[in-house]
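Basis for what follows: all heavy atoms, side chains included, without hydrogens, waters or symmetry-related copies.
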Amino acid sequence: MLAATGWDAHGEVPLYDSCCGSGTIAIEAAAMRLGLAPGLRRRFAFETLKPHDRGVWQALCAEAQDAASDQAKRVTGVSVFASDVSHRMADFAQANARRAGVGQVLWVRAGDALQRMPPSTQPGVLLLNPPYGTRVQTAGVAGSTAVDPDFFTQLGRHWKNHYAGWTAWVLSPDRGLPGQLRMRESRRMPLFNGDIECRFWRFDLSAWKASDAQPSPAGPT
Ligand SMILES: C[S@@+](CC[C@H](N)C(=O)[O-])C[C@H]1O[C@@H](n2cnc3c(N)ncnc32)[C@H](O)[C@@H]1O
């Protein structure tokens, strides 16, 4: 998903997941920004196989570690942001970020996506996998689990009011998402989240206009 957005992991454009759950997307983004090779901090089953050459593998790991150390020196400040309405999930994401070794470049907070203001002055990329009715339901302030049928309409309004200049990418199985957000997508890609067929939608956010009061028709699939 990060690759599909075209987000420049080595640049400085901020990335924000405002429905971060356990933090998967933001942690991956932070690891990319830090130049951490995937799996650098874990062990692999092949390391126990007979033909495995421990010396070659250790040299490769050391090379990847040096590259990450060089990249870490170039990264100044925090530019990856994550939040979730659930304090429990935000704590979980924070702990996962620390375990993944990206805690110093990733900002995690608890908060409602319908109220959170941009975490940076520079517009960036919003990338989120919001709750789907099938598995997790939207929750309002204070973590209520009640379904809010207006969640996406309110989210669209909040983005238009406060996130002009940002690009939002949303993974959702709901083909009517643009209509609910009252926005027209600029891109739409088919993607599966497990066995759930989704669309990965891109919205170029601009300031609210009076015409936005009318829902845009849901596009074809
Ligand atoms: C599909 S999950 C996201 C999974 C996530 N990508 C991960 O790596 O775990 C949706 C998340 O949205 C959160 N959520 C629901 N309503 C929210 C709201 N109003 N503001 C912010 N987060 C919300 C839920 O707590 C849940 O963690």
Side-chain angles (χ1 to χ4, degrees), residues 1-2 5 7 13-30 78-98 102-103 105-174 176-183 185 193 196 198-208 212-213 215:
M1 284 162 63
L2 282 158
T5 67
W7 179 68
V13 173
L15 186 124
Y16 179 28
D17 180 353
S18 59
C19 288
C20 73
S22 58
T24 318
I25 295 170
I27 291 170
E28 183 67 21
V78 171
S79 55
V80 181
F81 306 90
S83 59
D84 197 285
V85 74
S86 153
H87 286 259
R88 195 173 142 264
M89 292 316 286
D91 287 349
F92 197 24
Q94 186 97 62
N96 286 342
R98 269 197 303 273
V102 301
V105 296
L106 178 54
W107 169 109
V108 185
R109 295 285 185 283
D112 191 335
L114 303 178
Q115 297 186 346
R116 275 241 158 246
M117 299 302 279
S120 62
T121 47
Q122 183 187 353
V125 175
L126 279 154
L127 170 45
L128 53 149
N129 169 24
Y132 314 148
T134 44
R135 288 183 61 207
V136 199
Q137 296 177 335
T138 53
V141 182
S144 141
T145 51
V147 181
D148 181 350
D150 277 344
F151 177 76
F152 289 104
T153 305
Q154 290 179 42
L155 187 63
R157 195 176 307 130
H158 181 62
W159 283 351
K160 282 176 202 154
N161 283 337
H162 302 290
Y163 284 80
W166 285 67
T167 303
W169 287 84
V170 184
L171 184 72
S172 169
D174 188 345
L177 183 74
Q180 291 171 34
L181 286 168
R182 310 280 199 265
M183 289 181 191
E185 77 274 18
N193 183 3
I196 308 174
C198 295
R199 293 292 178 271
F200 193 32
W201 310 88
R202 179 174 116 177
F203 302 93
D204 300 316
L205 305 183
S206 51
W208 195 90
D212 293 330

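A distance of 8.5 Å separates CH2 of W166 from CD of Q122, quoted to the nearest 0.5 Å. Remark: L127 CG to C20 SG distance equals 11.5 Å, nearest 0.5 Å. Here the CG-CG distance, from L205 to N161, works out to 11.5 Å after rounding to the nearest 0.5 Å. Separating the NE2 atom in H158 from the CG atom in D112 is a distance of 8.5 Å, to the nearest 0.5 Å. Put simply, CG on D17 and OG1 on T24 are 8.5 Å apart, with the number rounded to the nearest 0.5 Å. Annotation: the span from L106 atom CG to S79 atom OG amounts to 9.5 Å, rounded to 0.5 Å.
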Test log, rule side-chain contact (heavy atoms from CB on, under 4.5 Å), inputs L155 and L181: CA-CA 7 Å; L155 187 63; L181 286 168; 4.3 Å; yes
Y16 vs S83, side-chain contact (heavy atoms from CB on, under 4.5 Å): CA-CA, chis, key distance, verdict: CA-CA 8 Å; Y16 179 28; S83 59; 2.7 Å; yes
Residue pair W169, M1: steps toward the side-chain contact (heavy atoms from CB on, under 4.5 Å) verdict: CA-CA 9 Å; W169 287 84; M1 284 162 63; over 6 Å; no
For the pair R116 and H162, evaluate side-chain contact (heavy atoms from CB on, under 4.5 Å) and give the outcome as yes or no after the intermediate values. CA-CA 9 Å; R116 275 241 158 246; H162 302 290; over 6 Å; no
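Each of P130, C198, C19, P178 was checked for a side-chain contact (heavy atoms from CB on, under 4.5 Å) with V170, and the lone residue meeting it is P130.
Taking both residues in full, the closest heavy atoms of F81 and P14 are given as CE1-CB, 3.9 Å, listed atom of the first, atom of the second, then distance. Contact between A93 and I27 at its shortest, heavy atoms only, is O-CD1, 3.9 Å. Minimum interatomic distance between A29 and V80 (heavy atoms only, all atoms of both residues): CB-CG1, 4.1 Å. The two residues L114 and Q154 come nearest to each other via the heavy atoms CD1-OE1, 3.3 Å. Closest of all the heavy-atom pairs between A90 and V108 is O-CG1, 3.5 Å.
In this view, Y163 satisfies the side-chain hydrogen bond (donor to acceptor under 3.5 Å, both in side chains) rule with no residue, not counting sequence neighbours. Partners of S18 according to the side-chain hydrogen bond (donor to acceptor under 3.5 Å, both in side chains) rule, which considers only residues two or more places apart in sequence or in another chain, do not exist here. Legend: residues meeting side-chain hydrogen bond (donor to acceptor under 3.5 Å, both in side chains) with D204, ordered by chain and number and at least two apart, are S186, R202.
The closest side-chain heavy-atom distance from L126 to F203 is not below 4.5 Å. At least one side-chain heavy atom of S22 sits less than 4.5 Å from a side-chain heavy atom of M89.
Remark: side-chain polar atoms of K160 are not paired, donor with acceptor, to backbone N or O of M183 under 3.5 angstrom. Side-chain N or O atoms of T153 include one that pairs as donor or acceptor with a backbone N or O of Q180 at under 3.5 Å. Looking at D84, its side chain does come within 3.5 Å of a backbone N or O of G21 through a donor-acceptor pair. Under the 3.5 Å distance criterion, the side-chain polar atoms of W201 are left unmatched by any main-chain donor or acceptor of L171.
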